[in-house]
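Contents: one structure, followed by commentary.
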Amino acid sequence: MAVPDRQVPSEGSIDALTRAAQRILADALAVVHSRQPDVEVTGEIVEAPPAPALRERAGGAVEIVVGSRGLGGFSGALLGSVSVHVAGHVHRPVVVVRPGRERVFGEVVAGIDDSEECEPALAYAFEQAALRGAGLRAIYAWQLPVHAYAPEAGYDLDEIRAAHHKVAADRIAAYRDRYPQVDVVEDVRCAHPVDALTQASERADLVVVGSHGRGGLGSVLLGSVSRGVLHHAHGAVAVVRA
């Protein structure tokens, strides 16, 4: 008896998949038209794995927007694999949007540090705040080294805090002048950056993080902070590569 090859789809199943894709695409276009009738929108059905297909089309895009379908209960499964792959490989800003978040808080959150690599993310965050008519919360999270807690370390915590506040103020000074309409809050915290940004995401319309990842495989291209925020934030996250 010949055993049919279950790996090869029949012509009927291919037709059914095509019709289903057409319905999904038509529904998506209808949603855009109903919410933003002045936006020009086009659709395309691509027969390819989603992540590589989006990556290939990113070159001519201003940014890429993807949803999140992570269903697991552990950090690596809190975000869908497509979202992680695209955010880790595309050099355009990638916005990951979680479902069920419709409330508008009027605030964009940006994670900043003392590196030049956060500049593209900060510029993007200010632009988003200006476009949305929202305020901007610039979060600079810092941590003391472990040996600083030793009694003989002799650290002056007031001086350390003042130094970090100066770094944060200097980092955003030029953008204050460029975007005078944006109300800025300098939020300098002694905390882990992922914890600080995740907490702030509870009342933010968008969290913007840079990426310092320099690896060559998958999500290794994402830095640990951007990867952690993507997995744990409560709302939309934009990853802006340096």
Side-chain angles (χ1 to χ4, degrees), residues 24-25 28-29 31-32 35-36 39-44 46 50-70 78-112 117-139 175 179 182 193-194 197-213 218-219 221-242:
I24 293 170
L25 184 59
L29 297 179
V31 169
V32 176
R35 297 184 180 181
Q36 298 291 339
V39 173
E40 181 180 348
V41 57
T42 60
E44 180 183 7
V46 180
L54 288 169
R55 187 176 67 190
E56 290 174 5
R57 284 156 179 77
V62 175
E63 66 184 45
I64 303 293
V65 181
V66 294
S68 171
R69 297 180 60 188
L78 289 175
L79 198 68
S81 59
V82 172
S83 306
V84 173
H85 179 97
V86 174
H89 285 84
V90 172
H91 289 274
R92 298 290 186 268
V94 175
V95 182
V96 179
V97 181
R98 283 176 168 78
R101 189 78 179 272
E102 298 181 359
R103 181 178 175 183
V104 176
F105 295 96
E107 184 171 84
V108 172
V109 168
I112 62 174
E117 293 163 307
C118 80
E119 289 292 329
L122 189 55
Y124 180 90
F126 266 92
E127 182 67 18
Q128 285 295 311
L131 290 172
R132 298 163 182 254
L136 176 71
R137 180 176 296 274
I139 293 184
Y175 295 99
Y179 295 93
V182 175
V194 173
L197 292 167
T198 299
Q199 181 182 20
S201 73
E202 295 179 359
R203 298 187 59 82
D205 301 320
L206 178 68
V207 175
V208 183
V209 292
S211 179
H212 300 177
S219 62
L221 286 169
L222 291 172
S224 59
V225 172
S226 54
R227 188 167 59 248
V229 174
L230 274 174
H231 284 309
H232 297 291
H234 299 279
V237 178
V239 178
V240 183
R241 297 280 295 280

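- Here the side chains of Val108 and Val182 are not in contact, with every heavy-atom distance at 4.5 Å or above.
- The two residues Val90 and Ala58 have their closest heavy-atom pair at CG1-CB, 3.5 Å.
- In this structure, Tyr179 and Ala130 approach most closely via the heavy-atom pair CD2-CB, 3.8 Å.
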Pairs of donor and acceptor atoms involving the side chains of residues 50-57, under 3.5 Å and at least two apart or interchain, shall be tabulated with distances.
from	atom 1	to	atom 2	distance (Å)
Arg55	NH1	His85	NE2	3.2
Arg57	NH1	Ala53	O	3.2
Arg57	NH2	Glu44	OE2	3.4

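- Partners of Arg137 by salt bridge (charged side-chain N to carboxylate O under 4.0 Å, His left out), not counting sequence neighbours, listed by chain and number: Glu107, Asp187.
- Closest non-hydrogen pair, Pro93 versus Val240, comes out as CB-CG2, 4.1 Å.
- Pairs passing the salt bridge (charged side-chain N to carboxylate O under 4.0 Å, His left out) check and including a residue from residues 118-135, sequence neighbours excluded, read Glu119-Arg171.
- Under the rule for a side-chain contact (heavy atoms from CB on, under 4.5 Å), the partners of Ala204 that lie at least two apart in sequence or sit in another chain are Val109, Val207.
- For Ser83 against Val66, the heavy-atom pair with the smallest separation is OG-CG2, 4.0 Å.
- Here His234 pairs with Arg101, Thr198, Ser201, Glu202 under the side-chain contact (heavy atoms from CB on, under 4.5 Å) rule; sequence neighbours left out.
- Taking each heavy atom of Leu136 and Ala125 in turn, the nearest pair found is CD1-CB, 3.9 Å.
- When side chains are defined from C-beta on, Val209 counts as touching Val237, because their heavy atoms get closer than 4.5 Å.
- Taking every heavy atom of both residues into account, Asp205 and Gly106 meet most closely at OD2-N, 2.7 Å.
- Shown here are the ring pair (Phe, Tyr, Trp, His ring centres under 6.0 Å) partners of Tyr175, two or more places apart in sequence or in another chain: Phe126.
- Atoms CD1 and CG, from Ile139 and Leu197 in turn, are 5.0 Å apart once rounded to the nearest 0.5 Å.
- Residues meeting the side-chain contact (heavy atoms from CB on, under 4.5 Å) test with Ala238, sequence neighbours left out: Val95, Tyr124, Leu206, Val208.
- Listed by chain and residue number, Phe105, Arg203 satisfy the side-chain contact (heavy atoms from CB on, under 4.5 Å) test with Arg103 (two or more places apart in sequence, or in another chain).
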